[in-house]
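Read the structure below first, then the notes.
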Number of protein chains: 2
Amino acid sequence: MEARKILLVEDDPNFGAILKDYLIINDFDVTLAKNGMEGFEKFKKDIYDLCILDVMMPYKDGYTLAREIREKNQEVPIIFLTAKTLKEDVLKGYKVGADDYLNKPFDSEVLLMKIKAIIQRKASEVKPDNTKFEFEIGKFHLNSKLRFLSFQNEEPVKLSPKECELLKMLALHENDLMPRELALTKIWRDDNYFTSRSMDVYIAKLRKYMKRDENVEILNIHGEGFRLVVKK
Amino acid sequence: MEARKILLVEDDPNFGAILKDYLIINDFDVTLAKNGMEGFEKFKKDIYDLCILDVMMPYKDGYTLAREIREKNQEVPIIFLTAKTLKEDVLKGYKVGADDYLNKPFDSEVLLMKIKAIIQRKASEVKPDNTKFEFEIGKFHLNSKLRFLSFQNEEPVKLSPKECELLKMLALHENDLMPRELALTKIWRDDNYFTSRSMDVYIAKLRKYMKRDENVEILNIHGEGFRLVVKK
DNA sequence: ACGAATGTTAATCTTTGGTTAATGTTTTAA
DNA sequence: TTAAAACATTAACCAAAGATTAACATTCGT
């Protein structure tokens, strides 16, 4: 099998080199970046199976980098390395969408197990077409990468990240049920009263945009979710 | 949203009760088992979204339980709780197929974040939903996912969750007895005088919808249940 | 004919969703 | 670096949808 590609971002050159070698010995294809900036550049230039990010780095810390990576890619697993054990930091990491968290010093074998567990998990997931980023919705055209929505020959409207993801999620389920829960867990990464209300606010915003085409409607299915209907 | 079901297996009654309450407060539906044996029994009797297992337990330890659970179910996420910090134990846990590992004492908020991260990961896995949701009932067409009932070329009628589930249950037993008790336990999740009367109200509503096709009827079988009859 | 089960309607209660605006947070650009 | 702009969340209020309950009528089985 093709070696799994790992992006390792670690500012301590010694530790970075050792960890890289260790992973290479264990049959991974490792790219090492010395800081967050470089890490993001390398992330954009290739496709990785896993990112291992140091939290404490000059210029751009691990969280910021993780957030940038998540904007580009919701799927790739992220593991944080940190010397900190502060609760807030761990929580922050999970909020950003981390898959795991490791305190330094850690045992390399444990890291290896975690890596294997995570990569295997991802491999077993059947992924939907997440690469699609252009959608025709009635007379609208949505580009979810550039985050704009155009209507015929009018000036395209810019969408906020949340607006855009929500509309994309609806579009992926065109004319079918898009469960509330799905959007909440995938986009808001949490499912409670407030995130749910927040989502309703975004539904209202989207409806406002979409009403220029009377054949497009976002219907509610009480207690279940929403349905983007496009009449032909 | 339906609360996530968690199976918590912990032999320390105090700690178990506290953790259970904490999780319940955070909107999980928690079942507590006092040992591995009981844990496995409860696991077999229901479907859980997550298992949290204490490692050190008399008679049957967490690893053994995890292995048994994995035999029945390869999917359900497992988190181990342990006072041990021995490397071998952590590795053993991952080998058995754990999703995460937490050392006692741990921070409850951290556990909560881990639970959310894990459940979200599972939610994002696309599972082929092969449950039947479309039914032909005489000249009617029922879509129980989008919850509508259409009749020939007329505008489809929206059904409420209870109406829909009840009609689906009847359709699954077309021309056969659909026992009262079945609907009450599956849909109303309770079987008493009031839920029974409530169900009768819903039967009346469904009859009203269905009378557009004179070949479709919902008959009562006194003391037993109902029968959805479709004459051909 | 009698009690128990069912049919029906309407009133009441509960949950969920729509909307607007205030408040908080992050990003952007000067 | 800081202020403005953009974005996101929270709060409050109201409306809509759904579910239950109560009351009374009818039917069933023995």
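Chain letters run A, B, ... following the sequence lines, proteins first, then strands; residues in each count from 1.
- By the 30° and 60° cut-offs, the orientation of the rings of B/Phe43 relative to B/Tyr48 is parallel.
- Considering only heavy atoms from C-beta on, B/Leu19 comes within 4.5 Å of B/Leu8 through its side chain.
- A/Lys208 comes within 4.0 angstrom of sugar-phosphate atoms only, judged by non-hydrogen atoms across all strands, and of no base.
- For the side chain to side chain donor-acceptor pair (under 3.5 Å) criterion with B/Arg180, the lone passing option out of B/Thr185, B/Thr195, B/Asp200 is B/Asp200.
- We find that CD1 of B/Ile221 is positioned 11 Å from P of D/dG29, with the value rounded to whole Å.
- The distance from atom CE of A/Met199 to atom P of C/dG17 is 9 Å, rounded to the nearest whole Å.
- By the 4.0 Å N-to-carboxylate-O rule, B/Lys145 lies too far from A/Glu224 to be salt-bridged with it.
- At whole-Å resolution of the value, CG in B/Asn220 and P in C/dT8 are 11 Å apart.
- When rounded to the nearest whole Å, the span between NZ of A/Lys162 and P of D/dC7 equals 12 Å.
- The interatomic distance linking B/Glu217 (CD) with C/dG7 (C1') rounds to 14 Å, in whole Å.
- Of the two residues near DNA chain D, B/His222 and B/Tyr202, the one whose nearest nucleotide lies more 5' is B/Tyr202.
- We find that CG of A/Asp190 is positioned 10 Å from P of D/dT10, with the value rounded to whole Å.
- In terms of phosphate contacts, A/Arg67 brings no side-chain nitrogen or oxygen within less than 4.0 Å of OP1 or OP2 of C/dT25.
- Under 4.0 angstrom from either OP1 or OP2 of C/dT16 there lies no side-chain N or O belonging to A/Ser196.
- In this structure, A/Arg197 and A/Lys205 both approach DNA chain D, and ranking their closest nucleotides by distance from the 5' end singles out A/Lys205.
- Within the 4.0 angstrom heavy-atom criterion, no nucleotide atom of any strand lies near B/Tyr193.
- Candidate nucleotides D/dA19, C/dG18, D/dC7 were compared by shortest atom distance to the side chain of B/Pro161, and D/dA19 ranks first.
- Going from atom CZ of B/Phe226 over to atom P of D/dC28 covers 13 Å, rounded to whole Å.
- Side chain of A/Phe194, nearest nucleotide from D/dT10, C/dG18, C/dT9: D/dT10.
- Counting atom types as modelled, A/Arg180 pairs no side-chain N or O with a base atom of C/dG17 as donor and acceptor under 3.5 Å.
- Under 4.0 angstrom from either OP1 or OP2 of D/dT9 there lies at least one side-chain N or O belonging to A/Trp188.
- With B/Val30 as the fixed residue, the side chain to side chain contact (heavy atoms under 4.5 Å, CB included) test singles out one of B/Leu50, B/Ile24, B/Ile52, B/Leu7: B/Ile24.
- Taking atom CG of residue A/Leu184 and atom C1' of nucleotide D/dA8, one finds them 14 Å apart after rounding to whole Å.
- Mapping B/Ile218 and A/Glu224 onto DNA chain C via the closest heavy atom, the residue that lands nearer the 5' end is B/Ile218.
- Using a 4.0 Å heavy-atom distance criterion, A/Ser198 is classed as a base contact.
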